[in-house]
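One structure is given below, encoded as structure tokens.
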Amino acid sequence: MVLGVEPEDAGRVKAGMTVRLRSVFDDKLAFTGRIRTVRRMINPKTRLLDVVVALPDALRAPLPAGLPVQGEIVLATGSSWV
């Protein structure tokens, strides 16, 4: 799956990061993937950087081609005391 990321965020997004994805039409269709590649060229159509996300094998078949999704990239995780 290919997502678009604002060019100014390119330095914060790296291969291996977790991405939470959900269909823009159906909130029940949500899943998690991992960034495989961050392309370093701005897409001339979207004016965003393309980020290729690998999906879990179980989800590849049921997703329709061209499904619009919203992605949330997990930039950092950690534990702390409050």
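Results of the side chain to side chain contact (heavy atoms under 4.5 Å, CB included) test with Val5 over Ile73, Leu48, Asp50 single out Ile73 as the only residue that passes.
There is a path of hydrophobic side-chain contacts, each under 4.5 Å, that joins Leu75 to Ile35. By the criterion of side-chain heavy atoms lying less than 4.5 angstrom apart, applied directly or through intervening Ile, Leu, Val, Met, Phe, Trp or Tyr residues, Leu3 is not grouped with Val74; the two fall into different hydrophobic clusters. The cluster map of Ile, Leu, Val, Met, Phe, Trp and Tyr, joined by side-chain heavy atoms under 4.5 Å apart, puts Val52 and Val13 in different clusters.
Taken to the nearest 0.5 Å, the CZ atom of Arg36 stands 12.0 Å off from the CE atom of Met1. Note that OG1 of Thr32 and CZ of Arg20 are 7.0 Å apart. Values are rounded to the nearest 0.5 Å.
In terms of heavy atoms, Arg34 sits closest to Gly16 at NH1-O, 2.8 Å. When all heavy atoms of Gln70 and Val24 are compared, the pair lying nearest together is N-CG1, 4.0 Å. For the residue pair Ile42 and Pro7, the shortest heavy atom distance occurs at CD1-CG, 4.0 Å. Looking at every heavy atom in both residues, Leu49 comes nearest to Arg39 through CD2-O, 3.4 Å. Scanning both residues, Pro56 and Gly33, for their nearest heavy atoms gives CD-CA, 4.5 Å.
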query = Checking side-chain contact (heavy atoms from CB on, under 4.5 Å) for the pair Leu21/Leu55: CA distance, chi angles, key distance, verdict?
reply = CA-CA 10 Å; Leu21 300 154; Leu55 302 178; 3.7 Å; yes
key: Test log, rule side-chain contact (heavy atoms from CB on, under 4.5 Å), inputs Arg22 and Leu29   = CA-CA 6 Å; Arg22 70 173 182 77; Leu29 182 54; over 6 Å; no
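Dense packing is recorded around CZ of Arg40, with more than 12 heavy atoms of other residues, nucleotides or ligands lying under 6.0 Å away.
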